[in-house]
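Each remark here refers to the structure printed beneath this line.
A quick note: this is a predicted structure, and the numbers were derived from the prediction, not measured.
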Amino acid sequence: MGGDVTAAAVARPNRSALKQWWVLTTRVIAPTFRTGEFFVAIAMSVAFTVSLYVPLKQIMGHVVHGSYAQWIMPSICMQAIYFAAMSGALRSATDSVDGINRRLASMPVPLAAPMAARMSANFYRCSIAIATAIVCGHVIGFRFYRGPMSIVAFCAVVLLIGMALALAGDLVGRVSTNPEATTHILLLPQLMFAMLSVGLQPVGQFPAWLQPVVRNQPHSQFVSILRAIAGNAEGTTATPSLSVIGPGLLWLVGIVVVTGLLYARVLRRRP
């Protein structure tokens, strides 16, 4: 009997954290074509472009410098990655409610592997969203005016913002007891920050008492970074200097640090 036990132990496959991460990531990404999530992500980016640009071009076009497509494009990208982050939060909440997290916690799987897999899937969603948004932006007249590297920098910043928001959404989903309510919880701050920002109109169009909030809140700072990176035909946008991108980067680091600390606490408290 001792020989059988030894043979069974020898036959047991080696546990690889990398392979476990890959399997869990594939579990989340593979069904996106069958369920239509891939095509919904593309459709949402198209919908954001149409719903923001078409009705607002005639209203706001005369109060901005240059092309309104150039002005609105960062907001379109932000809305696209917000939606991707909300989709990731829904997946996280579903795994939590369905007992997937408890099941994996009882298995020889690294504690952070499920979260890492969901974040990989969120990167996939954000990549689809930004690629579709840039194509749609090109159709309405958006262009990059600071050279090929500005395209790389623009996409990198959007993806960094998307992953930070996805991490926060994954945390909300992890502690949520109702997957359907998770989307509504995240929708309110997204709408508030997007509407009270420089994404749709210049800060001067807001009441004077509200302008400091509008100018300094994270959504406005993210939009300012993206506008500086892309530039415009008139050359009136700010250059991507430290004074321009610094506040937005500080917001981004703050979101990641606070969310990471809270997530670590949740992982420690939940075996």
For the residue pair Phe33 and Phe39, does the interplanar ring angle fall in the parallel (under 30°), tilted (30 to 60°) or perpendicular (over 60°) class?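 Perpendicular, since the angle between the ring planes exceeds 60°.
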
Which heavy atom of [X] sits nearest a heavy atom of [Y], and at what distance?
X: Ala93; Y: Thr182; value: CB-OG1, 3.5 Å
X: Tyr68; Y: Val64; value: CD1-CG2, 3.9 Å
X: Leu252; Y: Ile161; value: CD1-CA, 3.8 Å
X: Gln221; Y: Arg215; value: NE2-O, 2.8 Å
X: Leu171; Y: Leu262; value: CD2-CB, 3.7 Å
X: Gly231; Y: Thr237; value: CA-OG1, 3.3 Å

Among Thr25, Leu24, Val23, which one satisfies side-chain contact (heavy atoms from CB on, under 4.5 Å) with Trp21?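 That would be Thr25.
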
Where the side chain of [X] meets the backbone of [Y], is there a donor-acceptor pair that is under 3.5 Å apart?
X: Gln211; Y: Phe206; result: yes
X: Glu234; Y: Thr236; result: no
X: Gln70; Y: Arg143; result: yes
X: Ser45; Y: Ala129; result: yes
X: Ser150; Y: Gly147; result: yes
X: Arg146; Y: Ala228; result: yes
X: Ser92; Y: Arg174; result: yes

Residues 186-198 side chain polar contacts: donor-acceptor under 3.5 Å, at least two apart:
{"residue": "Gln190", "atom": "NE2", "partner": "Gln79", "partner atom": "OE1", "Å": "2.5"}
{"residue": "Ser197", "atom": "OG", "partner": "Ala194", "partner atom": "O", "Å": "2.8"}
{"residue": "Ser197", "atom": "OG", "partner": "Gly199", "partner atom": "N", "Å": "3.1"}

Using a 4.5 Å cut-off on heavy atoms from C-beta on, say whether the side chain of [Y] contacts that of [X].
X: Met73; Y: Ile134; value: yes
X: Trp22; Y: Thr26; value: yes
X: Ser127; Y: Leu159; value: yes
X: Ile225; Y: Pro240; value: no

Under 3.5 Å, is there a donor-acceptor pair between the [X] and [Y] side chains?
X: Thr32; Y: Tyr124; value: yes
X: Ser67; Y: Trp71; value: no
X: Ser220; Y: Asn216; value: no

Reported [atom1]-to-[atom2] distance for the pair [X] and [Y], which is rounded to 0.5 angstrom:
X: Glu37; Y: Ile42; atom1: CD; atom2: CD1; value: 11.5 Å
X: Ile140; Y: Cys136; atom1: CD1; atom2: SG; value: 8.0 Å
X: Met163; Y: Ile255; atom1: CE; atom2: CD1; value: 13.5 Å
X: Leu226; Y: Ile76; atom1: CG; atom2: CD1; value: 12.0 Å

Please answer: with hydrophobic residues joined when any side-chain heavy atoms are less than 4.5 Å apart, are Ile151 and Ile130 in the same cluster?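 Yes; tracing contacts between hydrophobic side chains, which count when under 4.5 Å, links both residues.
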
Cationic N near anionic O, under 4.0 Å, Arg91 to Asp95: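 Asp95 and Arg91: salt-bridged.
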
Should we count CZ of Phe123 as having more than 12 external heavy atoms under 6.0 Å?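 Not buried by this count: 12 neighbours or fewer within 6.0 Å.
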
Can you name the residues that form a ring pair (Phe, Tyr, Trp, His ring centres under 6.0 Å) with Phe144, not counting sequence neighbours?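 Partners of Phe144 under the ring pair (Phe, Tyr, Trp, His ring centres under 6.0 Å) test: Phe142, Phe154.
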
